[in-house]
Chemist: 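Got a structure here, written out as structure tokens. Questions coming.
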Amino acid sequence: MADGARMLPILGFILFMLPLLWMSSGQATTAMVMVYLFIAWAALAGVAGLLSRRLGPEEDQPEDKAPDEEPG
Amino acid sequence: MATLNILVLVCLSYVVLLFVVAFMADRAAKRGRARWLRSPLIYTLSLSIYCTAWTFYGAVGFAARSGLEFITIYLGPTLVMIGWWWTLRKMVRVGRSQRITSIADLISSRFGKSNTLAVIVTVIAVIVLAPYIALQLQSVTLSFSTVAATDFITPEDTSGEQATAFWVAAGLALFTILFGTRNVDANERHHGVVMAIAIEAVVKLIALLADGEFVVWGLSGGVEATLARIDASPISAWDVPGSRWVGLTLLSAAAFICLPRMFQVMVVESEDEDHLRMASWAFPAYLMAMSLFVVPIAVVGLDMLPAEANPDLFVLTLPLMEGREGLAILSFLGGFSSATSMVIVAAIALSTMVSNHIVMPIWLRSTGGTASISGDVRSVALLARRLSIAVILFLGYLYLRLSGGGSALAAIGLISFVGAAQFLPALMGGLFWRGATRKGATAGLGVGFVTWLYCLFLPSFGPSGVLPQAVFDAGLFGLSWLRPYALFGSDGMDPVMHAVLWSMVLNAGAFILVSILTLPQPIERLQGAQFVNVFDHSGTPGGWSGGFAQSEDLMIMAQRIMGAGEAQALFAQEARQQGIGGYLPEPSPDFLNRLERELSGSIGAAAAHAMISQIVGRATVSVEDLMAVADETAQIMEYSSRLEAKTNEQARTARQLREANEKLTQISVQKDAFLSQISHELRTPMTSIRSFSEILRDTDTLSGEERNKYASIIQEEATRLTRLLDDLLDLSVLENGQVVLNRETGTLAALLDRAIAAADVQAKLRILRKSEAEQHVLHTDLDRLTQVFINLIANAGKYCENGAPELSIRPELRDGDLVIDFIDNGDGIPRNQQAVIFEKFARVGDTKAGGAGLGLAICREVMGRLGGSISYVPGQKGAAFRVRLPLEATQPMQAAQ
């Protein structure tokens, strides 16, 4: 799961850079790209949400000791 | 103008509302009822200060000018957030475990708590942020004048605008000071501020969404129609420069991490590392919602508004044009929120840096460097922060005036982004690379900052602002490869991308190269390990290993910095934990660490460390300390080797003592044997004397012959007794040094003749002599020397057990001494006896009858008196004694003649 969380930004980068390839065809329009980007964006946020839920506290429990106990 | 008055009124009431919210939040936090204040939702919303007036107004302007390119500014942060597991988690963990107060604090802590580095980062941050703050001032000023004017065109009269800008700056400064500097401890977290920011985040989102809803459904007639309208607009073509698309995405990602205000809300104000979990998806969603209607608003604005209208203000001018005053005021409030939240947090972050890393160190040094002097550190820190907020806003205003205020908002913002991105190599290098050194970080930051200044910041004042036109055309000093927009001949690049490329390449290059070439100091290694491996040991920072601090001094210092009440509470709590009553806990390492963390919240890590070092009297481990430790070790080693030598010596002494003891024991045994011997020796003659004298007295029938015989026996025995007693007396006299030497002159040959005659052994002992060697004239006590010779010759006669006993006497000159050897051909003296034969009462073996064992002892004493010696020479055929006389006692015959 932690690996998935690490890969997600790379996937996101690829998705966000993909429209650059469409420019050469000349057929893509701003509206199309915009719709695509927002769908990809929403999907990434959704996956990130799922991942963060699955990366439960138990996964990093051993290293999650609060270093400083706040007084009071 | 009625609208303007309403606007000012709305602004003021909005500000009052924010104050109330902040005040309530602070109070709730103080009472500990602030669980909801620490929710991940608030954290996520507070991150929204990324969306400033640049987003609210500038994004639409950006889109109207360059189409979809604006979106890259939000794609970058999205990537950073969904990649939180990589970087943000580590930053927050480090920030919490090291009590980091700002990005300057983080970098300086990582590189050995170096204050120089902190100062560099602070200065860069202040300069970098000036354009950004100018951007906020400009947008608020523009929005005021736009609402005031009614023709939707930015008024030409800039003097009025500059006055507005000044008042906006002053108002924001006051606002920030009131908001942000009520408490000193940056690590106490500004609950009120965060809460206010969260509310502003909601306000600006609602305002933008409402605006977008109005544009899409109110003005365009639905989603389909809006998409068709976009296709028909001047920005319909999907045509962005690829380099800018990639570059801006990465740049915004870098800036998102490095901007001081983002660092403030993301790391410093973070309550719980776990909040990132929610922020990782909720913040990208927020950004997406913020950008959702940007393109439609831009397109509709371009379509419906006059061509001269400033596209940066479409958000405001579209509702105004349609007569939707309420929506316009909401939009205005949204923009106002965006600008104020950014300015507040940025100014708090920067002022913390300035006061912690520049003002406080100077103040501490100027007051003698101790915290125990009179004067309240707390009030100085507060004053420093308030002044720096005012200065920072004034710098922003100055930039606005100097740059003319005519640029597009996004263009101004990008200048700041590139500047802030200069922190990235040092920050990431510090978090992930243990080999990074302080010098490397300093070099990278310096090179990157200078490149940014030259390629982007200074040119932003216009062609003849700061840099003369000639520099743009021909390069610095006429060197064409130093043109600010075409470094190293890179012609034709977009200026922003050009600056990003060169500043980051040179920055990272210098950072890596210098880091490789230099060695980190011990404290850098320590901190590096703590930062890079923060998840392995999220333990205590620093480390006060022992040492005795004066708790009272610490208390005095802590009171000045934290305030009396809090310091006393902290000390009392610690004392309770240690099981001690009262206010003064033991200065245990744990307590010192905790105190340092608490103090670093107020005055920065470096200063806190320095102050505690001073009181504890134990500076951080430096190379000198390590050398001293090494010296000490060497001393201990030397000492132990000396001890070892002494031990060896003692072992030698012990061995000698043992030998001496053995000898003493042996002597004692021999003395006992002698005593029984001498009593026997005395008894035997006494018994015969008594018996014969009784016979003489009691028997009357004795013949004259018998009487004569008995009397002579008595006389003989008496003589023997006398001799024995003489010997004892003689030895006693010699040993006590009471002997008087009677020096005479004579030859060795005559002496030996006398001795042989006196010993009376010629009958049974053959004596071999070298008469040619005996021609020495002696000047010494001849009688005593003769006594020695007699003794030796008589011994040979008595003890030599050969069938044909021989004694050879060999005088010779050796080393200037006269040496006379007496060697017989008997069995010699057993080895175990050799050591004691010269002692008193020594007798070789038990069976030999004869003397009382005093002869050789007397010989030794005599030779000692004469200045010579007598010794036993082992390894000859038989018993061999060597008599040695010093030269002055002898003279060769020739010399005498």
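Within every chain, numbering begins at 1; the chains are lettered A, B, ... in the order of the sequence lines, protein sequences first and strands thereafter.
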Chemist: Against chain B, work out which of A/Gly12, A/Pro19, A/Gly46 has the most heavy-atom pairs shorter than 4.5 Å and name it.
Modeler: A/Pro19
Chemist: Might you point out which heavy atoms bring A/Met34 and B/Leu68 nearest each other, and give the distance in Å?
Modeler: N-CD1, 3.7 Å
Chemist: Without swapping roles, check the side chain of B/Trp245 against the backbone of A/Phe16 for a donor-acceptor pair under 3.5 Å.
Modeler: yes
Chemist: Kindly indicate whether the side chain of B/Ser291, heavy atoms from C-beta on, has any atom under 4.5 Å from the side chain of A/Phe38.
Modeler: yes
Chemist: I need the A/Leu37 CG to B/Thr72 OG1 distance, nearest 0.5 Å.
Modeler: 10.0 Å
Chemist: CE/B/Met81 to CG/A/Leu44 distance, rounded to the nearest 0.5 angstrom?
Modeler: 13.5 Å
Chemist: Checking heavy atoms, do the side chain of A/Leu50, its backbone, both or neither come under 4.5 Å from chain B?
Modeler: neither
Chemist: Measure the CD1-CE distance between A/Ile39 and B/Met288 for me, rounded to the nearest 0.5 Å.
Modeler: 10.0 Å
Chemist: Which heavy atom in A/Ala48 sits nearest to a heavy atom in B/Ser280, and how many Å separate them?
Modeler: CB-O, 3.9 Å
Chemist: Quick one: what part of B/Leu276 sits under 4.5 Å from any heavy atom of chain A, side chain, backbone, both or neither?
Modeler: neither
Chemist: For the residue pair A/Ser52 and B/Trp281, what are the closest heavy atoms and their distance?
Modeler: OG-CD1, 3.7 Å
Chemist: Can you tell me how far apart CG (A/Leu8) and CH2 (B/Trp84) are? Round to the nearest 0.5 Å.
Modeler: 11.5 Å
Chemist: Start with the C-alpha distance between B/Asp231 and A/Met32, add both sets of side-chain angles, then the distance that settles side-chain contact (heavy atoms from CB on, under 4.5 Å), and finish with yes or no.
Modeler: CA-CA 9 Å; B/Asp231 278 339; A/Met32 268 174 64; over 6 Å; no
Chemist: Side chain, backbone, both or neither: which part of B/Phe283 has a non-hydrogen atom closer than 4.5 Å to chain A?
Modeler: neither
Chemist: Can you list the steps and then say if A/Leu20 with B/Val246 is a side-chain contact (heavy atoms from CB on, under 4.5 Å)?
Modeler: CA-CA 9 Å; A/Leu20 290 177; B/Val246 179; 3.8 Å; yes
Chemist: What part of A/Val35 lies closer than 4.5 angstrom to a heavy atom of chain B: side chain, backbone, both or neither?
Modeler: side chain
